[in-house]
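Shown next, in structure tokens, is the structure this report addresses.
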Amino acid sequence: MRLHHVVAAQDFNRGMLEELFDSAHAMEHVVADGGNKLLDGQIMASLFYEESTRTRFSFETAMLRLGGSVISTENARQFSSVSKGETLEDTIRIMNGYCDVIVMRHYESGAAHRAAHVSRVPIVNAGDGTGQHPTQALLDLYTIQKELGRLDNLTIAVVGDLANGRTVRSLCYLLAKYRAIRIHMVAPEVVAMRDDIKEYLTRHDVPYREETDLAAIAAEVDVVYQTRIQKERFGDRAEDYDAARGVYIVDRDLLSVMRPDAIVMHPLPRVDEITTDVDVDPRAAYFRQAQNGVYIRMSLLAACLGRDLERPPALSSAGSSWSDRS
Ligand code: CP
């Protein structure tokens with residue numbers, strides 16, 4: 001698979017997803033073998049205008065595991081020339097001369113589209129405001145596939161900040177590619193799912209229901225996908241934040257209602273919406289989910305840079321750390 005820009009989840013089709021997940025599975029072996037040189041000579045720029053732990057570090061880890069190099073700014077608002085008034089478009093044009101792929105997180109919805117419009121090198125959307133977070137949704141699906149062994153015939157409860165949660169928005173776009181998907185939307189009213197996603201699900205014949213009682217539906221779901229109420233998106237609407245926070249908590253009481261084969265996911269970070277005593281339950285999949293980000297992002301980088309594990313580039317020196325998977 002060759003990818004150019006990775007901007008929106010709905011740009012992927014089922015065939016691409018299957019190929020990506022096969023590749024991610026192979027990448028797990030690459031990591032276990034200590035990495036390889038698939039992306040030797042390639043440079044990834046991580047250009048982050050918003051905070052990140054998982055996305056930035058897992059992309060950088062992915063690049064390093066594949067023998068590539070990384071240039072990085074973790075606070076581009078302050079430490080890039082945007083602070084002097086440079087436009088995003090000009091920054092991207094300049095970065096095109098310095099790197100082979102740009103992984104970008106921005107605070108504005110639509111920023112990744114703007115960047116892709118002027119970029120010769122692949123742009124990977126690592127989250128754009130309240131827009132999308134497609135690589136998170138890809139690792140979320142990969143996690144469901146690994147944990148439950150299927151992607152069709154799923155009942156999933158998406159919970160929390162559905163209005164601002166870009167991860168859950170991208171996940172809905174991807175779930176719509178599969179058969180017999182049922183979605184329960186469980187959100188405080190002030191952060192209910194926006195109409196664009198509901199209309200998309202309707203157009204793609206995905207049944208969804210808006211619910212208020214998480215415990216009442218917990219027994220019938222395969223996945224509880226919890227999300228954080230995103231304080232940073234509320235601006236001066238402190239009352240709305242207070243109304244939304246703490247309404248839906250995943251705790252041991254909720255686990256006691258859930259089926260033994262169901263899982264709890266969360267894109268993380270969490271604040272208090274999953275109690276820490278849930279972590280020891282085998283159904284708590286969120287730390288495994290975060291680890292899967294490395295494998296998916298290794299696959300995405302390889303696909304963006306036109307490198308294939310089955311057809312690695314010719315290596316120039318003997319004794320390289322390329323792992324022979326034959
Ligand atoms: N899931 C996620 O995007 O986490 P970070 O904000 O830490 O990257």
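In what follows, residues are counted from 1 in the order of the sequence shown. Note that ligands are numbered from 1 as they come in the structure, with each ligand's atoms numbered from 1 the same way. Note that these values count all heavy atoms, side chains included, but never hydrogens, waters or copies made by symmetry.
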Residues A285 and M265: closest non-hydrogen pair is CB-CG, 4.4 Å

R270 and T275 have their tightest heavy-atom pair at NH1-O, 3.9 Å

For ligand 1, find out whether one of its N or O atoms is nearer than 3.5 Å to an N or O atom of [X].
X: P269; value: no
X: T167; value: no
X: R56; value: no

### Query
Cation-pi between R105 and Y49: NZ/CZ under 6.0 Å from ring centre and within 45° of the ring axis?
no

One finds that the ligand 1 atoms under 4.0 Å from a non-hydrogen atom of L268 are 1 (N), 2 (C), 4 (O)

Counting from 1 in the order shown, the ligand 1 atoms closer than 4.0 Å to a non-hydrogen atom of T55 are 2 (C), 3 (O), 4 (O), 5 (P), 8 (O)

Which residue and heavy atom of the protein sit nearest [atom], plus the separation:
atom: atom 6 (O) of ligand 1; value: R105 NH1, 2.9 Å
atom: atom 7 (O) of ligand 1; value: T53 N, 2.7 Å
atom: atom 4 (O) of ligand 1; value: R54 NE, 3.0 Å

| Residues R182 and E220 bridged, charged N to O under 4.0 Å | no

* To do: State plainly whether the residues D308 and R2 are in salt-bridge range, i.e. N to O under 4.0 Å.
  => no

For H25 and F21, I'd like to know if the aromatic rings sit close, meaning centre-to-centre distance below 6.0 Å. no

